[in-house]
Amino acid sequence: MKISDFTYLLVSSILLLSFWNITPIVSIFNRDTIFLLSMVWLIIGLYLPQKKSKLPTKFFKKYNWIWICIFLGIFISMCNAYLFGGQNILTTFIAQRFTYTFILIPTLIKIQPSSSCIIRVLKVLSYITLTTWIISIINPNLIATISEDTINRKESTENTDIGYYVTGINIVVFYTYFLIQEYIKKFNYKKFFIAIFWITFIILYQNRSMLLGVIIIFLYSLTKLKSRYKPIIIISICLFICIFLNYTWNIWLSLIEESQNQLADDDYNRWKALDYYLNHYSPNLWCYLLGNGMPSGGNSILGNLYWQNMSKGIFISDIGMVGMWVNYGIISIFSIYYIIIKILTLKKFPLWIKFMSFHILIVPTIFTFGNGNGILLFSLLIYSYIYYSKLPYIQQKHKLYEQYACSYYNKLQERTTNN
């Protein structure tokens with residue numbers, strides 16, 4: 001079976017993003033059906049015939065520890081849920097089933113998509129995410145994850161929110177960082193305004209945690225422009241920013257006021273969740289370090305506690321990577337943050353990969369690998385780390401393959417001519 005790298009990765013991404021929870025689709029394919037389709041598709045990828053231009057997987061053995069440690073942490077926490085949370089192994093195994101899609105990492109190592117292939121996929125996913133967000137403005141009922149309560153609450157209060165939360169915004173941010181890198185490397189207005197288009201979308205989306213990293217990276221990029229007209233460009237950009245701020249001032253004022261109020265509010269859900277899960281949740285040091293396991297609501301002591309916490313406004317999803325540590329322990333978290341630190345400290349990794357790693361490092365509360373959306377992001381980041389670490393070998397393999405193809409073609413032409 002011949003499947004292009006682009007097609008395989010795009011289908012994998014669409015499945016992990018659950019078709020953006022578009023109601024007509026997820027009414028046919030429910031959450032568990034999509035999970036099963038994802039697992040089957042990812043397993044198929046492990047057995048696809050490898051192209052001659054790819055490196056044998058033995059070249060990547062030294063990186064297997066990354067995904068092995070992620071799964072090790074997940075399965076140790078499953079045992080902790082049984083030993084200390086009164087939740088049997090099978091229940092936890094089912095509750096944490098979506099994390100098994102991390103097999104995307106060894107699958108990517110097998111098919112070895114190029115960086116240009118990944119960027120093409122990110123571009124397509126970003127446009128679909130933008131379209132889904134526009135749909136949420138026009139008709140929020142077409143997005144299955146948007147409840148009637150959410151719609152009514154938004155309509156009954158005065159706020160500057162535009163649209164609703166949609167899956168894939170982290171992928172948009174990842175793609176935007178590539179676009180920022182492009183105009184840093186070689187500035188032209190076309191590249192710059194394409195990046196500005198996506199930055200504007202992220203601003204209008206109004207997720208402060210996503211916006212914080214993007215704004216910092218954007219300001220940094222202005223200092224790195226390479227052009228003899230740099231002063232004129234920066235002045236023009238500043239004028240553009242001033243005009244943009246003038247037209248979006250209400251949004252910025254609302255975000256600032258909301259942030260100030262939440263920072264000063266001891267009863268703010270995120271503060272409550274951080275305090276509770278870091279200081280009161282784990283029954284012992286072992287669970288604190290190695291995870292408490294994924295709770296299954298209502299099916300165990302641990303699951304009942306999960307529901308009680310939710311009724312008090314304490315949500316583990318509010319604390320992102322900290323929540324992942326609480327559930328799956330330090331082994332999984334260490335594996336991911338080791339990669340992030342290596343990317344940030346070594347010169348061989350491109351800026352867009354560094355930008356995404358920096359964002360995860362400074363705003364960990366918005367990122368998670370408890371669902372397909374987050375697993376896709378972290379799998380792409382980890383694979384990019386492996387890809388750029390082995391890039392010289394990959395380039396050499398491609399060069400030899402091209403030389404062989406050219407030689408074979410020339411010989412074929414000679415035979416045709418002689419005949």
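Because the structure is predicted, anything quoted here is derived from the model rather than measured.
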Would you call Leu122 and Ile171 a side-chain contact if the rule is heavy atoms closer than 4.5 Å?
yes
Can you confirm whether the side chains of Ser18 and Asn21 place a donor and an acceptor under 3.5 Å from each other?
no
Residues Ser77 and Asn80: side-chain donor-acceptor under 3.5 angstrom:
no
Is atom NZ of Lys191 surrounded by more than 12 heavy atoms (other residues, nucleotides or ligands) closer than 6.0 Å?
yes
Over 12 foreign heavy atoms within 6.0 Å of OH, Tyr306:
no
Rounded to the nearest 0.5 Å, what's the gap from CG on Leu16 to CD1 on Ile34? Could you check?
10.5 Å
Where is the tightest heavy-atom contact between Leu46 and Lys110, given as atom of each residue plus distance?
O-NZ, 2.8 Å
Is Lys342 close to Ile339 at the side-chain level, that is, under 4.5 Å between some pair of heavy atoms?
no
Taking the side chain from Gln112 and the backbone from Ile109, do they hold a donor-acceptor pair closer than 3.5 Å?
yes
Test item: Thr23 side-chain N/O and Asn141 main-chain N/O as donor-acceptor pair under 3.5 Å:
yes
Taking all atoms of both residues into account, what is the closest heavy-atom pair of Leu55 and Lys390, and its distance?
CD1-O, 4.5 Å
Distance col, row Ile199:CD1 vs Phe192:CZ, nearest 0.5 angstrom, shows 7.0 Å
Between Tyr175 and Trp352, is the gap from one ring center to the other below 6.0 Å?
no
Do you know which of Tyr277, Trp325, Tyr281 makes ring-ring contact (aromatic ring centres under 6.0 Å, His included) with Tyr288?
Trp325
Please report the closest heavy-atom contact between Cys69 and Ser332, naming both atoms and the distance.
O-OG, 3.8 Å
So, does His359 use its side chain to make a donor-acceptor pair with the main chain of Ser209 at under 3.5 Å?
yes
Would you confirm whether the ring centroid of Tyr127 sits within less than 6.0 angstrom of the ring centroid of Trp198?
yes
Please walk me through it: do Ser389 and Lys62 pass side-chain contact (heavy atoms from CB on, under 4.5 Å)?
CA-CA 11 Å; Ser389 295; Lys62 64 179 288 188; over 6 Å; no
Hey, are the side chains of Asn170 and Phe174 touching, using non-hydrogen atoms and a 4.5 Å cut-off?
no
Please report the shortest heavy-atom distance between Asn304 and Gly298, naming the atom on each side.
OD1-CA, 3.3 Å
pair Phe75-Thr99: side-chain heavy atoms closer than 4.5 Å:
no
Using the side-chain contact (heavy atoms from CB on, under 4.5 Å) rule, take Ile340 and Leu381 through it: C-alpha gap first, then chi angles, then the decisive distance, then the call.
CA-CA 9 Å; Ile340 288 172; Leu381 188 68; 4.2 Å; yes
Give the minimum heavy-atom separation between Asp5 and Pro113, together with the two atoms involved.
OD2-CA, 3.9 Å
Within 6.0 Å of CZ in Phe201, more than 12 heavy atoms from elsewhere:
yes
Between Trp65 and Tyr338 (judged by ring centroids, cut-off 6.0 Å), do the two rings come close enough to count as a pair?
yes
When rounded to the nearest 0.5 Å, the distance separating CD1 of Ile375 from CZ of Phe378 is 10.0 Å
I need the Leu15 CG to Thr33 OG1 distance, nearest 0.5 Å.
11.5 Å
What I'd like to find out is whether the side chain of Thr176 reaches to under 4.5 Å of the side chain of Ile217, using heavy atoms alone.
no
For Asn292 and Val326, indicate whether the former's side chain and the latter's backbone hold a donor-acceptor pair under 3.5 Å.
yes
Should the ring pair Tyr385 and Phe349 be called parallel, tilted or perpendicular, given that the plane angle runs from 0 to 90° and is split at 30 and 60?
parallel
Within 6.0 angstrom of Ile301 CD1, more than 12 heavy atoms from elsewhere
no
Donor-acceptor pair, side chain of Asp275 and main chain of Trp271, under 3.5 angstrom
no
Is Glu182 close to Phe178 at the side-chain level, that is, under 4.5 Å between some pair of heavy atoms?
yes
Geometric class of the Phe193/Tyr189 ring pair [parallel <30°, tilted 30-60°, perpendicular >60°]
parallel
Does Phe6 reach the side chain of Val124, with side-chain heavy atoms less than 4.5 Å apart?
yes
Between Gly293 and Ala81, the two heavy atoms sitting closest are CA-CB, 4.1 Å
Could you walk me through whether Val214 and Val173 satisfy the side-chain contact (heavy atoms from CB on, under 4.5 Å) test, starting with their C-alpha distance in whole Å, then the side-chain angles of each, then the deciding distance to 0.1 Å, before giving a yes or no?
CA-CA 7 Å; Val214 171; Val173 170; 4.0 Å; yes
For Val166, does its backbone N or O pair with a side-chain atom of Tyr205 as donor and acceptor, under 3.5 Å?
yes
Please walk me through it: do Arg97 and Asp32 pass salt bridge (charged side-chain N to carboxylate O under 4.0 Å, His left out)?
CA-CA 9 Å; Arg97 61 195 177 280; Asp32 289 324; 2.8 Å; yes
Without swapping roles, check the side chain of Gln87 against the backbone of Ser300 for a donor-acceptor pair under 3.5 Å.
no
Calculate, to the nearest 0.5 Å, the distance between atoms NZ and OH belonging to Lys348 and Tyr388 respectively.
12.5 Å
Close side-chain approach of Ile103 to Ile43, heavy-atom, < 4.5 Å
yes
Hey, could you give me the CZ/CD1 distance between Phe334 and Ile70, rounded to the nearest 0.5 Å?
12.0 Å
Side chains of Thr145 and Tyr165 only: does a donor on one sit below 3.5 Å from an acceptor on the other?
no
Phe197 vs Leu179, side-chain contact (heavy atoms from CB on, under 4.5 Å): CA-CA, chis, key distance, verdict:
CA-CA 10 Å; Phe197 171 82; Leu179 296 173; over 6 Å; no
Quick one, Thr92 with Tyr82, criterion side chain to side chain donor-acceptor pair (under 3.5 Å). Give me CA distance, side-chain angles, the key distance, then yes/no.
CA-CA 8 Å; Thr92 310; Tyr82 170 71; over 6 Å; no
Any side-chain to backbone donor/acceptor pair from Trp67 onto Ser379? Under 3.5 Å, distance only.
no
Closer than 3.5 angstrom, by distance alone: can the side chain of Lys354 be matched with the main-chain N or O of Ile343 as a donor-acceptor pair?
yes
